[in-house]
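Just below is one structure, and these are the notes that go with it.
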Amino acid sequence: MVVPWRNRARRAVETRMLRQPTVNRLLTNGDARPHYIVCGHDALAYHLVNALGPATVRVTVVVPSKRHPTAPDITKIRGIRVIRADRVDEATLRAAGLETAAGLALMQQDDVGNIHAALTAHEVATRVRIVLRMFNTGLGYGVKRLLGDCEVLSDAAMAAPTFVAAALGEVAPTNFHHYGRTLVVAHRAEVRPEHVVCGIADTSDPAHLVVLPEPDQADLVLAEATGAQPATEVAANRIARSRRLRRPLYGTGKALRSFFSRKIGIITAAVLAIALTFGFLLYRADGAAHLDPWQAVYTTLLTALNGAEVEIDKGIAVQLMQIVLTVAGLALVPLITAAVVDAMVNARLALSAGRLAVPREGHVVVVGLGNVGTRVIRQLHNLGVEVVAIDKVPNARGAVVAKQLGIPVIIGDAALEETLVEASVSSCRALVVVSTDDVTNLQAALNGRALQPDLRVVLRLFDGDLAQRIRSTFGIFRSHSVSYLAAPEFAAVLRKRQVVATVPVGRHALLVTIVVVAKGSALDGQPVRGADQTRGVRVMALLKAGQRPRWSPAPDTVLGPGDELTVIARRAGLSWLIKQAGPSPILPTQQVPEDPTMGDGSPAGTSD
């Protein structure tokens, strides 16, 4: 008798060999390639599958029966096996072949759902490596200790420093330790030649960034930090100092401008001006010119507030001025009271309704309080940078964090100009747009530039082709994709590669990894230059057994079994190098074709 749930599982399996020649179609039996399972259907899962390389490994993807309209169609990737299931349960995992898989990536945007799936997977196959995508990494690390061969990664945590660095005007936020040294990304002109470890990019033409060019062409380098703070912290400290210098008068000036921009404030100021003017004229006409300025103001205000005594013997002009002064005094008291009450009520309403009580200046405006936006506002706040946040809904994930940090949150549509005006975008330092809607993001960026023509705009775009065209056409935005930045590291960790760091450069993501030369491999007995590949791989350091690490090793240094190469590479270049260093003999002269991706294994037409 067949168990019903097994029937359902079998019916859920849908294997697709899209546009693949018959001889190259994916084999489910007798295929020696490692098998990986990816559960998810958003952009990160899509780019993870591409980064794994379905041509070199077997990939099974578990997707829900209905695809989100804004998500890329992961089922159209060539050479993958697709299982449609609305829940990642035991039946689904068994149908996907978990018991014989090398790794499982749980990429859903639900922390609890990912943990549940991870616990289920551990019961089905305890030896399988599990990679969890989690926003709450603290919770994830607790689960990691229980599961053993498990890694917890956060795409938001990976991408947020890049957006923060871009908002502060820095190139990249990378700062990591390796072999006793601290390495940072810097412009070649800012570091000494002896501190340069490796060239990583040619940024002379922002519209056509060249990653891993010839060493002498790279103006962006990895260099050893020599006691200096990372560039991001230096920029944040500079902003904080400038804010402290203007702080004594800044708040008062902003409060006065806000007061005089309201009707009650304008009327109060007008009545006060009338009282002072007529008081001055009255005492000049009444022979009180002997009074000094302060005595004149003092007498005028007391007369206006207490009322003037009846003086029949005075002239008509003096009597008229007394009448005006008395009426002004009668109006001034309630107006002052109303102005104070209005200011207090407006401030309280602004806090409750998500508006700024006082306009800001020199701050950073962050649009979107999802996973990435929450990380961005927290990091900016920790760096001492003043932040104003915008989101459409009051219960966004980052709204609670913003309240805890004392960051004002404006509830409104950032695509509308009035929302940006409310956030004081016209006087802000940078606009960081990281919502999940490309249309809103682009509209907010364009409206922000309309309010401030030279505004620094950092844009998150899901459509990579759109981002490329905007960058080349307008040349005004710095755009990044969260999945572009995170997918290579997820793929490397899933395949148990030693990831030292991820170096984001524009919309590219480079991996710093360790590759061990195997005995009898194509690199065994070859010089270091055999591991380099133009625009694909750069060797940063070489560690031989019993020796100290050699940074920027000589190209003619001969490699041997067990040598550890620390390299910075693109996905395609890293895959090539691993094959070269692996035990299977491969001709040393073999080169991979030019990588058609945007640097992280993603086709140029899609993005986050």
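Here the structure is a predicted model, which is why all the values come from computation and not from measurement.
No side-chain heavy atom of Val512 sits under 4.5 Å from any side-chain heavy atom of Val499. By the 4.5 Å heavy-atom criterion applied to side chains, Arg58 and Ile80 are not counted as neighbours. The side-chain heavy atoms of Ile407 and Val388, taken from C-beta on, include no pair separated by under 4.5 Å.
Residue pairs that meet the salt bridge (charged side-chain N to carboxylate O under 4.0 Å, His left out) test with at least one member in residues 542-562, sequence neighbours left out, are Lys544-Asp563. Residue pairs meeting the salt bridge (charged side-chain N to carboxylate O under 4.0 Å, His left out) criterion with at least one partner in residues 157-166, sequence neighbours excluded, are absent. Among residue pairs with one or both ends in residues 144-154, those qualifying as salt bridge (charged side-chain N to carboxylate O under 4.0 Å, His left out) are Arg129-Asp149, Arg129-Glu151, Lys144-Glu151, Asp149-Lys496; sequence neighbours excluded. Every pair passing salt bridge (charged side-chain N to carboxylate O under 4.0 Å, His left out) that includes a residue from residues 40-57 is listed here, sequence neighbours excluded: Asp42-Arg133.
With sequence neighbours excluded, the residues satisfying side chain to side chain contact (heavy atoms under 4.5 Å, CB included) with Gln404 are Val400. Applying the side chain to side chain contact (heavy atoms under 4.5 Å, CB included) rule to Ala399 yields no partners; only residues at least two apart in sequence or on another chain are considered. In terms of the side chain to side chain contact (heavy atoms under 4.5 Å, CB included) criterion, residue partners of Arg192 (sequence neighbours excluded) are, by chain and number, Glu194, His195. A search for side chain to side chain contact (heavy atoms under 4.5 Å, CB included) contacts involving Leu543 returns Tyr179, Pro549, Glu564, not counting sequence neighbours. Every residue two or more places apart in sequence or in another chain was checked for a side chain to side chain donor-acceptor pair (under 3.5 Å) with His381, and none qualifies. For the side chain to side chain donor-acceptor pair (under 3.5 Å) test, no residue two or more places apart in sequence or in another chain qualifies with Gln379. For Asp110, the side chain to side chain donor-acceptor pair (under 3.5 Å) criterion is met by no residue, not counting sequence neighbours. Taking the side chain to side chain donor-acceptor pair (under 3.5 Å) definition, one finds that Tyr141 meets it with nothing, sequence neighbours left out.
A side-chain N or O of Ser204 and one of Asp202 form a donor-acceptor pair less than 3.5 Å apart.
Not a single donor-acceptor pair under 3.5 Å links the side chain of Asp219 to the backbone N or O of Arg188.
The nearest pair of heavy atoms linking Val457 to Arg449 is CG2-NE, 3.9 Å.
Atoms OG and CZ, on Ser575 and Arg570 in that order, are 12.0 Å from each other to the nearest 0.5 Å.
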